[in-house]
Amino acid sequence: MVTVRAPATSANLGSGFDVFGAALDRPADVVRVEKAERTTIEVTGYGAEFIPEDPDRNTVGAVAEALDAPAHIRIDKGIRPSSGLGSSGASAAAAALALNELYDRGLSRRELVPIAGKGEATVSGEVHLDNVAPALLGGFTVATDRDVTVVDADIPLVACLPEIAVSTRDARDVVPAGATMEQLIYTVGRAATLTTGMCRDDPRLVGKGMHDRLVTPARADLIAGYDGVREAALAAGATGVTVSGAGPGVIAACYPEDRQDIAAAMVNGFEDAGVDARAYQTKIGRGATLYRD
Ligand SMILES: Nc1ncnc2c1ncn2[C@@H]1O[C@H](COP(=O)(O)OP(=O)(O)OP(=O)(O)O)[C@@H](O)[C@H]1O
Ligand SMILES: N[C@@H](CCO)C(=O)O
């Protein structure tokens with residue numbers, strides 16, 4: 001048996017739609033695999049009742065098929081599905097690393113990124129690597145159609161998860177079909193600022209780089225209370241706030257001493273909108289961890 005712990009991730013980070021992603025220190029999924037004649041899946045943990053065990057509908061099924069690695073796959077969910085915290089991607093990344101080890105496929109973590117991406121496509125309808133790349137490689141990642149760049153950044157974060165569900169598939173339906181040159185210039189400037197902040201471990205630059213006028217506004221409309229939560233987080237010291245992945249999670253960059261106040265402000269902001277929420281005081285973390293039992 002092989003066991004892998006794969007972290008939650010926050011994709012897009014505002015200005016990096018479908019490109020930027022960051023591994024979080026917590027929460028995480030734990031996936032255990034054993035060889036079998038055909039793939040079967042067992043899901044337990046957070047939101048398991050909303051996750052199919054059919055290999056054709058669970059992200060780990062496509063991964064097992066891509067690696068030609070049939071297995072009994074047990075997924076213990078620590079990351080709620082439809083959260084914006086890379087729940088589907090964490091399972092796919094964990095399964096890719098675990099099955100690669102179980103069947104001795106010898107692929108590198110970078111080579112496993114597109115394979116885990118096939119799992120993501122099962123649920124969102126399109127391949128996007130900005131959750132599975134940080135889940136496998138850790139840190140802050142820049143995923144393009146050619147390769148993935150990793151920055152081992154140390155940035156404190158608060159991820160706030162409201163008790164509402166937004167599926168990536170639905171959230172991708174509200175993404176604008178195109179952009180103006182003015183929007184492109186605005187986005188490139190913020191993306192470059194955020195990346196510089198990651199390279200310098202500078203929460204102020206990272207926060208400035210989280211501004212986005214293209215995708216985030218359309219998605220904010222899907223998250224009850226978002227504007228108030230964002231304002232409350234900034235007032236509590238956040239350097240930047242945006243939608244985490246496809247939402248409804250909300251991610252804030254900050255200095256470590258402000259993390260607790262920001263977490264409380266975000267939860268209270270959602271409660272003021274009549275929505276229960278929980279906050280994870282976290283930071284950019286490592287990629288998936290493998291344990292050979
Ligand atoms: N192993 C899995 N873990 C979680 N969700 C899964 C898994 N397999 C299939 N799903 C389905 O994927 C959907 C959740 O994925 P979705 O991409 O919408 O949200 P997310 O991964 O939590 O957030 P985001 O991708 O925006 O960070 C649910 O409909 C769930 O049933
Ligand atoms: N870039 C993807 C990430 C989903 O977590 C999206 O926003 O649809």
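Just follow the structure's listing: the first ligand is 1, and inside any ligand the first atom is 1.
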Residue selection (non-hydrogen contact nearest atom 27 (O) of ligand 1) among G86, G245, G21: G86

Pick from S82, S87, A246: the one approaching atom 13 (C) of ligand 1 most closely through a non-hydrogen atom: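 Closest candidate by heavy-atom distance is S82.
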
Pairwise ring pair (Phe, Tyr, Trp, His ring centres under 6.0 Å) hits with a residue in residues 115-149, at least two apart: F20-F140

Please state which part of [X] comes within less than 4.0 Å of ligand 1, counting heavy atoms only: side chain, backbone, both or neither.
X: R169; result: neither
X: N131; result: side chain
X: S83; result: both
X: T168; result: both

Test item: side-chain donor near acceptor, K77 and S91, under 3.5 Å: yes

Verify same cluster id: V215, V243 (apolar side-chain graph, 4.5 Å):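 Shared cluster, no.
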
Can you tell me if [X] contacts ligand 1 (heavy atom of the residue under 4.0 Å from the ligand)?
X: S124; answer: no
X: K77; answer: yes
X: V60; answer: no

T40: which of E34, E53, H72, R74 passes side chain to side chain donor-acceptor pair (under 3.5 Å): H72

Determine whether a donor-acceptor pair (N or O, by modelled atom type, separation under 3.5 Å) exists between the side chain of [X] and the backbone of [Y].
X: R110; Y: V148; value: yes
X: S244; Y: G84; value: yes
X: T141; Y: A143; value: no

Electrostatic pair D18-R172, nearest N-O below 4.0 angstrom: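 Salt bridge between D18 and R172, a charged N being under 4.0 Å from a carboxylate O: yes.
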
Heavy-atom pair with the smallest gap, counting every atom of F270 and V229: N-CG2, 3.4 Å

Under 4.0 Å from ligand 2, counting heavy atoms only: the protein residues, by chain and number: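 Residues within 4.0 Å of ligand 2: A11, N12, F17, D18, H128, D130, N131, T168, R172, R219, G245, A246.
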
Heavy-atom side-chain contact between T3 and L290 under 4.5 Å: no

Ligand-side contact atoms (ligand 1) for residue partner F50, heavy atom cut-off under 4.0 Å: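 Going through ligand 1 atom by atom, the ones under 4.0 Å from F50 are 30 (C), 31 (O).
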
Protein contact to atom 10 (N) of ligand 1 [nearest heavy atom, distance to 0.1 Å]: V123 CG1, 3.7 Å

